[in-house]
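Atoms within each ligand, like the ligands themselves, are counted from 1 in listed order. Every heavy atom of this structure was used, including side-chain atoms; hydrogens, water molecules and symmetry mates were not.
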Amino acid sequence: MIPTISGVFLTVSLMKISVVGGGYVGLVTAACFAELGHEVSIIDRGAAKVNAINAKKPPIYEEGLEELLQHHVGMRLRASTSYDSVPFSDLTFICVGTPPNPDGSADLSKMKAASRSIGSVLKNSSNYHVVVVKSTVPPGTTENIVVPTVLQKSGKSDDTIGFAMNPEFLREGRAIADFMHPDRIVIGSRNLRDGDRVAEAYKGISAPILSTGLPAAEMIKYASNAFLATKISFSNEMGNICKKLGIDVYEVMRGAGMDKRIGPYFLDAGAGFGGSCFPKDVHALIKLAETVGEDPILLRSVIDVNEKQPGRIVQLLKARIGDLKGKRIAVLGLAFKDNTDDIRESRSIPVIEELLKSGAVIAAYDPMANSSMQKIYPSLTYCSTAADALRGAEGCLVMTEWPEFKNIEKEFDLMANRLIIEGRRILSCKGAEGICW
Ligand SMILES: NC(=O)c1ccc[n+]([C@@H]2O[C@H](COP(=O)([O-])OP(=O)(O)OC[C@H]3O[C@@H](n4cnc5c(N)ncnc54)[C@H](O)[C@@H]3O)[C@@H](O)[C@H]2O)c1
């Protein structure tokens with residue numbers, strides 16, 4: 001019986017698990033497996049990240065993560081820059097980044113490097129071990145890159161080393177809850193033995209397990225992200241049309257979403273989708289389609305709509321206050337979504353670009369992401385409260401759906417000109433205009 005910090009006693013069989021990559025996915029995966037009772041080693045090439053984890057300080061913000069590190073580091077969880085734990089593990093999850101190449105395709109260099117390192121340390125091991133790809137990778141990557149690289153480097157056959165692909169569907173900001181309560185667990189494998197070994201690690205989590213082949217598991221992740229991105233771009237297009245017609249798109253999509261065939265999620269019109277996944281995965285899928293001679297018309301439109309949305313909010317601002325040169329504009333929200341400090345592909349970035357091009361003076365505020373944005377735009381004025389950003393501003397753009405923005409009311413009176421435009425529908429005060437409502 002294994003106690004968890006939630007006070008629940010688990011009766012799972014203990015496994016030894018290595019997780020390569022201690023970023024958003026790897027660190028959450030590792031902490032949650034430790035919470036499920038397993039003994040987990042994180043391997044990351046970044047010494048600073050490793051030290052932070054071992055000091056029980058999460059290098060990223062994710063609700064509940066610090067608590068899990070406080071509880072498990074030094075007991076069932078540890079981090080290292082070395083791959084030494086791999087030969088003593090039952091499973092190794094690869095959670096390294098797969099960022100976009102300049103042409104939009106997925107850069108698999110980190111996946112290859114991790115596979116080489118895993119293969120090398122498995123050379124002298126005789127235990128049955130399963131290598132699991134958790135990163136988002138194009139179909140065929142596990143079979144054609146990971147399997148041959150690990151087998152070649154280890155000098156073993158696939159009798160002793162198994163392979164699986166287990167895509168991750170967590171959302172940043174709600175990552176731990178998503179990991180512990182997923183809608184489904186997808187496990188792609190070449191045989192039942194490898195897939196069952198991976199399923200064992202998830203014992204204690206109540207969710208249907210879908211067993212597939214390796215490439216189908218890889219494609220499920222792309223199909224899921226592309227579909228969600230499509231829902232957002234569709235809602236934004238509806239919003240752009242509704243705004244011209246004077247119709248509230250939120251009422252419209254609420255009504256549409258009540259249809260079970262459509263569903264209520266991801267129908268919020270606004271400034272578009274950002275983050276490290278949707279834009280990169282849709283681009284990678286477009287590239288993949290092109291390489292097999294398909295013209296992905298719909299996916300291209302999803303990206304087109306998304307890229308135009310941020311420009312619309314600045315156009316609206318200009319339409320309301322004219323030339324922006326020398327005008328102080330408050331930008332509330334820099335993270336790509338609430339509850340995270342991640343600014344990757346945040347829609348506030350193209351907005352800041354446009355504002356700077358127009359000569360605006362930006363006063364920015366985010367509850368968590370000021371320092372992340374400062375690395376890209378060091379010369380903006382970063383404020384420690386929304387009130388400070390709003391003081392003397394001639395316009396305000398709301399770019400992230402932070403719950404604390406909901407209650408901003410009298411702070412808007414600090415503006416030189418009370419002009420508020422929302423890229424996310426979050427405010428409860430009167431008089432704000434929406435990008436597409
Ligand atoms: N972030 C998300 O919300 C999310 C959700 C689902 C799936 N994914 C996918 O998961 C993968 C990881 O995403 P992330 O956001 O965690 O990335 P990340 O950039 O936050 O983390 C990747 C980590 O891997 C480490 N790393 C890179 N190469 C390494 C190597 N050879 N050996 C050891 N460590 C190495 C890096 O130092 C970094 O800490 C990506 O494929 C992504 O598309 C991400």
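- You'll find the side chain of F278 stays beyond 4.5 Å of the side chain of N306, heavy atoms only.
- Judged by a 6.0 Å distance limit and a 45° cone about the ring axis, R197 is not positioned over the six-membered ring of Y128.
- Distances below 4.0 Å separate heavy atoms of K49 from the following atoms of ligand 1: 38 (C), 39 (O).
- Taking atom 21 (O) of ligand 1 as the reference point, the nearest protein heavy-atom neighbour is G23 CA, 3.2 Å.
- For ligand 1, the atoms lying closer than 4.0 Å to a non-hydrogen atom of E172 are 1 (N), 2 (C), 3 (O).
- The option from Y24, F169, Y83 that lies nearest to atom 31 (N) of ligand 1, judged by heavy atoms, is Y83.
- Ionic pairing of E354 and K357 is present here: one or more N-O contacts between side-chain nitrogen and carboxylate oxygen are shorter than 4.0 angstrom.
- K406 and D338 are not joined by a salt bridge, as no carboxylate oxygen comes within less than 4.0 angstrom of a charged side-chain nitrogen.
- For the residue pair K280 / T98, a side-chain donor-acceptor distance below 3.5 Å is found, with atom types taken as modelled.
- Each of L91, I209, D90 was evaluated against V198; a single residue qualifies, L91, per the side chain to side chain contact (heavy atoms under 4.5 Å, CB included) test.
- The closest approach between a heavy atom of K280 and any atom of ligand 1 is below 4.0 Å.
- Using a cut-off of 4.0 Å between Lys/Arg side-chain N and Asp/Glu carboxylate O, D158 and R190 are scored as salt-bridged.
- In this structure, E172 does not pair ionically with R174, as no charged nitrogen and carboxylate oxygen lie closer than 4.0 Å.
- Inclusion of T98 in the set of residues having an N or O under 3.5 Å from an N or O of ligand 1 is warranted.
- Classification of E290 and K287 as a salt-bridged pair holds, one side-chain N sitting under 4.0 Å from a carboxylate O.
- Every atom of ligand 1 with a heavy atom of C95 under 4.0 Å away is listed here by number and element: 12 (C), 22 (C).
- Protein heavy atom nearest atom 9 (C) of ligand 1, with residue, atom name and distance: T136 OG1, 3.5 Å.
- Residues R45 and S117 bring no donor and acceptor atom of their side chains to less than 3.5 Å of each other.
- Here the closest non-hydrogen pair linking G257 and L267 is CA-CD1, 3.6 Å.
- Nearest to atom 27 (C) of ligand 1 among the protein's heavy atoms is R45 NE, 3.5 Å.
- By the criterion of a heavy-atom distance under 4.0 Å, both the backbone and the side chain of V96 are placed next to ligand 1.
- Heavy atoms of S135 found under 4.0 angstrom from ligand 1 belong to the backbone as well as the side chain.
- Distances below 4.0 Å separate heavy atoms of G97 from the following atoms of ligand 1: 22 (C).
- Counting the atoms of ligand 1 from 1 in the order shown, those under 4.0 Å from a heavy atom of G21 are 23 (C), 24 (O), 25 (C), 34 (N).
- For ligand 1, the atoms sitting less than 4.0 Å from at least one non-hydrogen atom of I43 are 33 (C), 34 (N), numbered in the order shown with element in parentheses.
- Residue contacts with ligand 1 for R174 are absent, since no atom lies close enough (heavy atoms, distance under 4.0 Å).
- In this structure, R344 is part of the shell of residues with a heavy atom less than 4.0 angstrom from ligand 1.
- Shortest contact from atom 8 (N) of ligand 1 to any protein heavy atom: V25 CG2, 3.5 Å.
- If you check which protein heavy atom lies closest to atom 6 (C) of ligand 1, you get E168 O, 3.2 Å.
- Distances below 4.0 Å separate heavy atoms of V20 from the following atoms of ligand 1: 32 (N), 33 (C).
- A 4.5 Å side-chain heavy-atom check between Y222 and T136 finds at least one atom pair inside the cut-off.
- Heavy atoms of K221 found under 4.0 angstrom from ligand 1 belong exclusively to the side chain.
- Counting only N and O atoms by type, the side chains of S85 and S18 include a donor and acceptor under 3.5 Å apart.
- The shortest N or O to N or O distance between D281 and ligand 1 is not below 3.5 Å.
- Looking from atom 38 (C) of ligand 1 to the surrounding protein, the closest heavy atom is D44 OD2, 3.4 Å.
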